[in-house]
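Note sheet for the following structure.
Reminder, nothing fancy here: chain letters follow the sequence lines and each chain counts from 1.
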Protein chains: 2
Amino acid sequence: MPQPSAPRKTLGRPPRISREEIIETARRIVDEGGVGKLTMRRLATEVGSTPMALYHHVRDKEELLVLLLDDYADRNLRRPELPADPRERILVAATAVHDALAACPWIVEVLTADDLMSTNALWFVEQIVDGLIECGLSPDRAVHAYRAVWYYTAGEIVVRTTAARRRADDERATYREQVFADLDTRELPRLAQVAGRWAPLTAEDTYPNGLRALVDGLLLSR
Amino acid sequence: MPQPSAPRKTLGRPPRISREEIIETARRIVDEGGVGKLTMRRLATEVGSTPMALYHHVRDKEELLVLLLDDYADRNLRRPELPADPRERILVAATAVHDALAACPWIVEVLTADDLMSTNALWFVEQIVDGLIECGLSPDRAVHAYRAVWYYTAGEIVVRTTAARRRADDERATYREQVFADLDTRELPRLAQVAGRWAPLTAEDTYPNGLRALVDGLLLSR
DNA sequence: ACCTGAACACCGTTCAAGT
DNA sequence: ACCTGAACACCGTTCAAGT
C-alpha cells in the first residue's frame with residue numbers, strides 16, 4: 001500500500017480529492033450506517049466526486065477496507081502502560097487490542113485479514129511476542145504462540161459480533177432456541193442439561209478468562 | 001428454520017422444486033465456483049426456475065447459507081472413535097470439527113454464525129462439553145471453556161483461509177512483506193528479529209498445539 | 001495527472017399477476 | 001399453493017474521452 005507521499009511537483013491536473021479525504025469520508029459513512037452502507041458510489045457522492053475518481057486513489061474496494069482498518073487501528077489503539085511482568089504484559093496487550101477491535105462492529109468484515117499490519121498495531125504484536133520470549137519461549141515458538149492468541153482474539157470478536165448482529169435482526173436467534181428446546185436428552189445429555197442457561201452463559205464476556213487459560217497453556221510447554 | 005415436513009395433502013399447485021433440490025444445487029455451485037458464485041439468480045436458472053420461486057422455499061439468501069452449512073456438517077462430520085480419556089476426547093472432537101470445516105474454504109462467510117447448530121455438529125459439542133465436565137469443570141465453566149475452544153477454532157479457520165485466499169490473489173501479500181522489510185529495528189526488535197521467518201512460521205499448521213495449550217490452560221483452573 | 005459519463009454485467013428482493 | 005415477469009433500487013468496475 002504505497003503512500004501517496006509528498007506533494008507532487010510533476011505536471012498535470014491538480015488533485016481535487018485526496019486519499020485522506022476518501023478515508024475520512026469512508027470512516028464517517030461506516031460509523032453512521034455500518035459497513036454495509038459503504039459503497040464506492042455513495043462514497044463518491046459524499047466526497048463530491050464520481051465513482052471512478054476514487055479508483056485513482058485506491059486500487060479497489062478491498063484496499064479501501066484495509067486502509068480503513070489501519071486508520072482505525074492508528075486512531076484507536078492508544079498504547080497503555082504495560083506491566084513489567086511478561087505474562088501480565090501479554091494479557092494486557094492482547095486485551096487492549098481485543099477491546100479496541102470489539103468496540104468496532106464493522107471490523108469483522110476486514111478482520112479476517114491475515115494480520116494487523118498498521119504500525120501502531122504492530123507495537124502490540126511486539127509486546128506480546130517479547131513477553132512470550134521473556135517467559136522462556138524460543139522466538140519461533142513465540143510467533144506460533146502469538147498466532148494462537150490472535151486466532152482466539154479474532155475468533156471471539158467475529159463470532160460474538162455476528163451473534164449480536166443476528167440477535168438484533170430478531171427471530172434469527174429463535175432457531176437456536178428451538179434447536180436447544182428440542183434436544184434429544186438421551187443422545188445429548190450435557191447440552192440438554194445446560195440448554196436453559198446457554199444463552200446467558202454465552203452472552204457473558206469470557207475473553208479475559210479464555211485468554212489467560214490459553215497463555216498459561218502456551219507457557220506450560222516450556 | 002421450519003422443515004417443509006411431510007408431503008402436503010392441502011390443495012393447490014404441486015411444487016416443481018423442493019428445498020432439497022435447491023440446497024443440492026446450491027452445494028454444487030459453491031463446490032464448483034466458490035461461495036461468490038452463488039447468487040439467487042444463478043441458482044434459479046440452474047434449478048430450472050426463476051429467482052422468485054426460490055423465495056417460496058427459503059426466506060432469503062442468508063437462510064440459504066445457513067441451510068448449506070448445516071447440510072455440509074451433516075454430510076461431512078462423520079463421528080470418529082473417541083478415546084476414553086476425557087482430555088484426549090476433547091482434543092479429538094475439536095480437531096475433527098476443525099479439520100472438516102477447514103477443508104471447506106467457502107465456509108468462512110457462514111462460519112461467523114453464532115454456533116454450529118446442525119444436529120450432527122451438536123454431537124461434537126456434546127463430546128467436548130462432556131469431556132470438560134469429566135475433567136472436573138462445573139457445567140457452566142464447561143460451556144465457557146467450550147466457547148473458548150470454538151472461538152479459537154473459528155478464528156484459526158477464518159484467519160488462515162482468508163490469508164490463503166489473499167495469497168492466491170497475489171500481490172496483496174506483498175504488502176505484509178513490505179511492512180516487515182521496513183520494520184523499525186529499534187522500536188520493534190522482536191518482530192524485526194523474526195521478520196524473515198514470519199511467512200513460513202505462520203504458514204505452519206499449529207492448530208493442534210494451540211488447542212492443546214488452550215485446553216490445558218482451561219483445565220488448570222480446576 | 002486527474003477526473004467525468006456512459007456503459008457493462010451484474011445483484012437481492014418486492015409486487016402484481018397468472019395457473 | 002406455487003410460480004412467473006417485470007420492475008425497483010441498487011452494486012463494482014472498465015473504457016474512452018475530456019481538461
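As the counterpart of D:dC3, no nucleotide is assigned, since no Watson-Crick or G-U wobble pattern has both distances under 3.5 Å. Base pairing of D:dC10 is not made with any nucleotide, judged by Watson-Crick or G-U wobble geometry with both donor-acceptor distances under 3.5 Å.
Separating the OH atom of B:Tyr55 from the C1' atom of D:dC8 is a distance of 13 Å, rounded to the nearest angstrom. Rounded to whole angstrom, the span from the CG atom of A:Leu64 across to the P atom of D:dC11 amounts to 14 Å. If you measure from atom CZ of A:Arg42 to atom P of D:dA9, you get 17 Å, rounded to the nearest angstrom. Atom C1' of nucleotide C:dT4 and atom CD1 of A:Ile17 are separated by 12 Å, given to the nearest angstrom. We find that CD of A:Glu62 is positioned 15 Å from C1' of D:dT13, with the value rounded to whole Å. The NZ-C1' distance, from B:Lys61 to C:dC10, rounds to 12 Å in whole Å. Look at CZ on A:Arg16: it is 13 Å from C1' on D:dG18, rounded to the nearest Å. Computed from coordinates, the A:Glu63 CD to D:dT13 P distance equals 11 Å when rounded to whole Å.
Using a 4.0 Å cut-off between charged nitrogen and carboxylate oxygen, A:Glu63 and A:Arg19 count as a salt-bridge pair. A salt bridge links B:Glu46 to B:Arg28: at least one charged side-chain nitrogen sits closer than 4.0 Å to a carboxylate oxygen. Between B:Glu187 and A:Arg79 there is a salt bridge, with a side-chain nitrogen of the basic residue lying less than 4.0 Å from a carboxylate oxygen of the acidic one.
A gap of 13 Å separates the C1' atoms of C:dC2 and D:dA17, to the nearest Å. Comparing D:dA16 with C:dC3, their C1' atoms sit 13 Å apart, to the nearest whole Å. Going from the P atom of C:dC10 to that of D:dA9 covers 22 Å, rounded to whole Å.
Nearest to the side-chain atoms of B:His56 among the listed nucleotides D:dT13, C:dT13, D:dC2 stands D:dC2. When distances are taken from the side chain of A:Met40 to each of C:dT13, D:dG12, D:dC15, the shortest belongs to D:dG12. Residue B:Met52 places its side chain closer to C:dC15 than to any other of C:dC15, C:dT4, D:dC3. Closest to the A:His57 side chain, of the nucleotides C:dC3, D:dG12, D:dC3, is C:dC3.
The closest donor-acceptor contact from the side chain of B:Tyr72 to the backbone of B:Leu77 lies at 3.5 Å or more, if one exists at all.
The side chain of B:Thr50 contributes no N or O atom lying less than 4.0 Å from OP1 or OP2 of D:dG5.
Nearest heavy-atom pair across B:Ser49 and B:Ile17 is OG-CD1, 4.1 Å.
A residue-by-residue look at B:Thr39 and A:Arg41 shows that A:Arg41 has its nearest nucleotide of DNA chain C further toward the 5' end.
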